Student: 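The structure's right below; bear with me while I get my questions together.
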Amino acid sequence: MSAFILKLMPIAMMAAAVPVGLSIQAASGHRRSHVAAMTVSLLPGSIIYPMPGEYLRGGRPQANPKVERQLNGPLEIMTYQVSAADYADCVSAGACRPAEETRSIPRDAPATGVSYLDAVAYARWYSDVTGSLWRLPSDEEWAFAAAERFAGEFEGVENDADNPARRWLTSYQAELDLNRKPNPLPRSRGSFGVNSRGLADFSGNVWEWTSTCYVRTTLAEDGSGVASSVDNCGVHVLEGLHRAYMSNFVSDGKSGGCAVGLPPDNLGFRLVRDRPGWASDLLSHLGMI
């Protein structure tokens, strides 16, 4: 798989923020100390990346077009994925369904066996208990944060109107080149290292939910642009070793629903924090506005 192309404005990373302790009311009525997630704040920048979704022309699949996107404001995102222990707090509070993870995994490993609906429920609960607004990142935000760890769609797709099987064969070869073993056990946080932005475990053995809906786009026959586009928000984009698409209720990627190659090994997530006024204050302090 070819390397992801990244265009950055002058340095787009700030130091990780050390969080303050919080007190969360458990379902049992006992209160205990809880440490808010560690985050990294990324300054504005731009990326060129392949758009998510399915693209067709004349009824035949096309390579996903690459576009340039600008991140206009700072992005504050969790350094690590939400852990199994963190997710268990939400379950104990009665705000989340139990994760459908039957294997014994470390408590600091990412929460897996969670659907898009589960991730959204956790974000809602976490926002309530922390007093901050937390949400899933969009696909663009995830790609920006992942930097060199972003893979997107399989590269090397060939569009041959006379032999559409070549597209499948090139995608299959790209999949083989990943040389990954299916169904690896989720590992403790930090097991997959830190990227150039100081964020951990991108594109490890956990695929992460985003807030971006699956889109089916039909391109104009004359190449002039988009003829039609249909959003399907019952399916959302997952990012990891490759891009995948899953129905909102699916918590186990191996059960099916993936539109790209091998299914994801594990489904998890990390969140973005939105703080009104924080972005403009930060940019003003840095002399960027």
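Predicted, not measured: the structure shown is a model, and the values here were computed from it.
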Student: Can you check whether N72's main-chain N or O pairs, donor with acceptor, with Q70's side chain at less than 3.5 Å?
Tutor: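 Judged by distance alone, no pair lies under 3.5 Å.
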Student: Restricting to salt bridge (Lys or Arg N to Asp or Glu O under 4.0 Å), what partner residues turn up for D139, sequence neighbours left out?
Tutor: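 Partners of D139 under the salt bridge (Lys or Arg N to Asp or Glu O under 4.0 Å) test: R243.
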Student: Looking only at heavy atoms, what is the nearest atom pair of V206 and L267, with distance?
Tutor: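 V206 and L267 have their closest heavy atoms at CG1-C, 4.3 Å.
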Student: Return the set of residues passing salt bridge (Lys or Arg N to Asp or Glu O under 4.0 Å) with R216 (not counting sequence neighbours), or none when no residue passes.
Tutor: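 Residues passing salt bridge (Lys or Arg N to Asp or Glu O under 4.0 Å) with R216: E54.
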Student: Please report the shortest heavy-atom distance between A151 and L241, naming the atom on each side.
Tutor: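 Minimum heavy-atom separation between A151 and L241: CB-O, 3.3 Å.
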Student: Measuring from S92:OG to Y87:OH, what's the distance to the nearest 0.5 Å?
Tutor: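 Nearest 0.5 Å value for the OG-OH distance: 11.0 Å.
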Student: Examine the side chains of N266 and R103 and answer whether a donor and an acceptor come within less than 3.5 Å of each other.
Tutor: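 Yes.
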Student: Could you grab the distance from atom CD of E101 to atom CG of L185, nearest 0.5 Å is fine?
Tutor: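 Nearest 0.5 Å value for the CD-CG distance: 7.0 Å.
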Student: Hydrophobic cluster membership, with links at side-chain heavy-atom distances under 4.5 Å among I/L/V/M/F/W/Y: are Y80 and V82 in one?
Tutor: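 Looking at the clustering, V82 is in a separate group from Y80.
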Student: To the nearest 0.5 Å, what is the distance between CD1 on I48 and NZ on K66?
Tutor: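 Here the interatomic distance stands at 8.5 Å.
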Student: Is it true that M78 and F192 fall in one hydrophobic cluster, defined by side-chain heavy atoms closer than 4.5 Å?
Tutor: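 M78 and F192: separate clusters.
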Student: Determine, stepwise, if the pair R275 / L133 fulfils side chain to side chain contact (heavy atoms under 4.5 Å, CB included).
Tutor: CA-CA 7 Å; R275 292 192 278 174; L133 178 60; over 6 Å; no
Student: Nearest heavy-atom pair of R135 and D274: which atoms, and what distance?
Tutor: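 So the two residues come closest at NE-OD2, 2.6 Å.
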Student: For a quick test of reading the model, state the closest non-hydrogen atom pair linking Y49 to A143 and the distance between them.
Tutor: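 Nearest pair, atom of Y49 first, then A143: CD1-CB, 4.1 Å.
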Student: Let me confirm one number: the CG-CZ distance from L219 to R57, rounded to the nearest 0.5 Å.
Tutor: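 Rounded to the nearest 0.5 Å, the CG-CZ separation comes out at 5.0 Å.
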Student: Out of curiosity, L271 CG to S211 OG, how far, rounded to the nearest 0.5 Å?
Tutor: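 Spacing of CG (L271) from OG (S211) equals 11.0 Å.
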Student: Taking the cut-offs as 6.0 angstrom to the six-membered ring centre and 45 degrees off its axis, would you call R270 and F202 a cation-pi pair?
Tutor: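 Yes, a cation-pi geometry holds between R270 and F202.
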Student: Y122 vs Y126 aromatic rings, parallel, tilted or perpendicular, using cut-offs 30° and 60°?
Tutor: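 Parallel.
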Student: Would you say S188 and D108 are linked by a side-chain donor-acceptor pair, where the criterion is simply a distance under 3.5 Å?
Tutor: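 There is such a pair (donor and acceptor under 3.5 Å, judged by atom type) between the side chains of D108 and S188.
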Student: With a 3.5 Å distance limit and no angle check, can you tell me whether T39 reaches the backbone of I77 through a side-chain donor-acceptor pair?
Tutor: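 Not a single qualifying donor-acceptor pair exists.
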Student: Taking D265's backbone N and O only, do any of them form a donor-acceptor pair with K254's side chain (distance below 3.5 Å, no angle check)?
Tutor: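 Yes, K254 side chain to D265 backbone: donor-acceptor pair under 3.5 Å.
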Student: Output yes when a side-chain donor or acceptor of R187 lies under 3.5 Å from a complementary backbone atom of P106, and no otherwise.
Tutor: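 No, R187 side chain to P106 backbone: no donor-acceptor pair under 3.5 Å.
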Student: What heavy-atom pair brings D86 and W125 nearest, and what distance separates the two atoms?
Tutor: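 Reported closest heavy-atom pair: O-CZ3, 4.3 Å.
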Student: Under 3.5 Å, is there a donor-acceptor pair between the side chain of N232 and the main chain of C213?
Tutor: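 Not confirmed, N232 side chain does not pair with C213 backbone.
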Student: Any side-chain donor paired with an acceptor under 3.5 Å for E208 and W142?
Tutor: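 The criterion, which ignores hydrogens and geometry beyond distance, is satisfied for W142 and E208.
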Student: Kindly say whether D118 contributes a backbone atom to a donor-acceptor pair with the side chain of S115 at under 3.5 angstrom?
Tutor: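 Such a contact is found between S115 side chain and D118 backbone.
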Student: Could you state whether V67 and F144 fall into the same hydrophobic cluster, counting links through intermediate Ile, Leu, Val, Met, Phe, Trp or Tyr residues with side-chain heavy atoms under 4.5 angstrom apart?
Tutor: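 Linked, V67 and F144 end up in one cluster.
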Student: Are L71 and E140 packed together at the side-chain level, in the sense that at least one heavy-atom pair is separated by less than 4.5 angstrom?
Tutor: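 Side-chain contact under 4.5 Å: no.
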Student: Could you walk me through whether D231 and Y214 pass side chain to side chain contact (heavy atoms under 4.5 Å, CB included), step by step?
Tutor: CA-CA 6 Å; D231 288 9; Y214 176 79; over 6 Å; no
Student: Is it true that F150 and M51 fall in one hydrophobic cluster, defined by side-chain heavy atoms closer than 4.5 Å?
Tutor: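 They do share one cluster, since a chain of ILVMFWY contacts under 4.5 Å joins F150 to M51.
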Student: Less than 4.5 Å apart, side chain to side chain, heavy atoms only: is that true for P61 and Y55?
Tutor: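 Answer no - side chains too far apart.
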Student: Using atom types as modelled and distance alone, determine if a side-chain donor or acceptor of W207 lies under 3.5 Å from a backbone N or O of H242.
Tutor: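 Flag set: sc W207 to bb H242 pair under 3.5 Å.
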Student: Determine the interplanar angle of the W209 and Y116 rings, folded into 0 to 90°, and report it as parallel if under 30°, tilted if 30 to 60°, perpendicular if over 60°.
Tutor: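 The rings of W209 and Y116 stand perpendicular, inter-plane angle above 60°.
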Student: Has E68 got a side-chain atom pairing as donor or acceptor with I47's backbone, closer than 3.5 angstrom?
Tutor: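 No; judged by distance alone, with no hydrogens or angles, the pair does not exist.
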Student: Is the shortest side-chain N to carboxylate O distance from D201 to R189 below 4.0 Å?
Tutor: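 No, no charged N to carboxylate O under 4.0 Å.
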Student: Start with the C-alpha gap between L56 and T217, add the side-chain angles, then the distance that decides, and say whether side chain to side chain contact (heavy atoms under 4.5 Å, CB included) holds.
Tutor: CA-CA 6 Å; L56 304 171; T217 301; over 6 Å; no
Student: Using modelled atom types and a 3.5 Å cut-off, is there a donor and acceptor pairing between side-chain atoms of E221 and backbone atoms of G58?
Tutor: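 At least one qualifying donor-acceptor pair exists.
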Student: Verify the distance criterion only: is there a donor paired with an acceptor across the side chains of S41 and E76 at less than 3.5 Å?
Tutor: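 The criterion, which ignores hydrogens and geometry beyond distance, is not satisfied for E76 and S41.
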Student: Given the rule in the side chain to side chain contact (heavy atoms under 4.5 Å, CB included) test, do L42 and V40 qualify, once you have shown the distances and angles that lead to the verdict?
Tutor: CA-CA 6 Å; L42 307 178; V40 169; 3.7 Å; yes
Student: Donor-acceptor pair, distance only, cut-off 3.5 Å: does the side chain of Y245 make one with the backbone of G53?
Tutor: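 Yes, because the side chain of Y245 sits within donor-acceptor range (under 3.5 Å) of the backbone of G53.
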Student: Is the shortest heavy-atom distance from the side chain of T212 to the side chain of H236 under 4.5 Å?
Tutor: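 When only atoms from C-beta onward are counted, H236 and T212 do not touch, as no gap falls below 4.5 Å.
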Student: Which atom pair, heavy atoms only, marks the closest approach of V91 to P98?
Tutor: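 It is CG2-CA, 3.9 Å.
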Student: Treat each ILVMFWY residue as a node, draw an edge where side-chain heavy atoms are under 4.5 Å apart, and state whether F249 and F269 are in one component.
Tutor: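 Yes, it is one cluster - the side chains of F249 and F269 are joined through contacts under 4.5 Å.
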Student: Any chance you could measure R273, atom CZ, to L75, atom CG, to the nearest 0.5 Å?
Tutor: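 With rounding to 0.5 Å, CZ (R273) is 12.0 Å from CG (L75).
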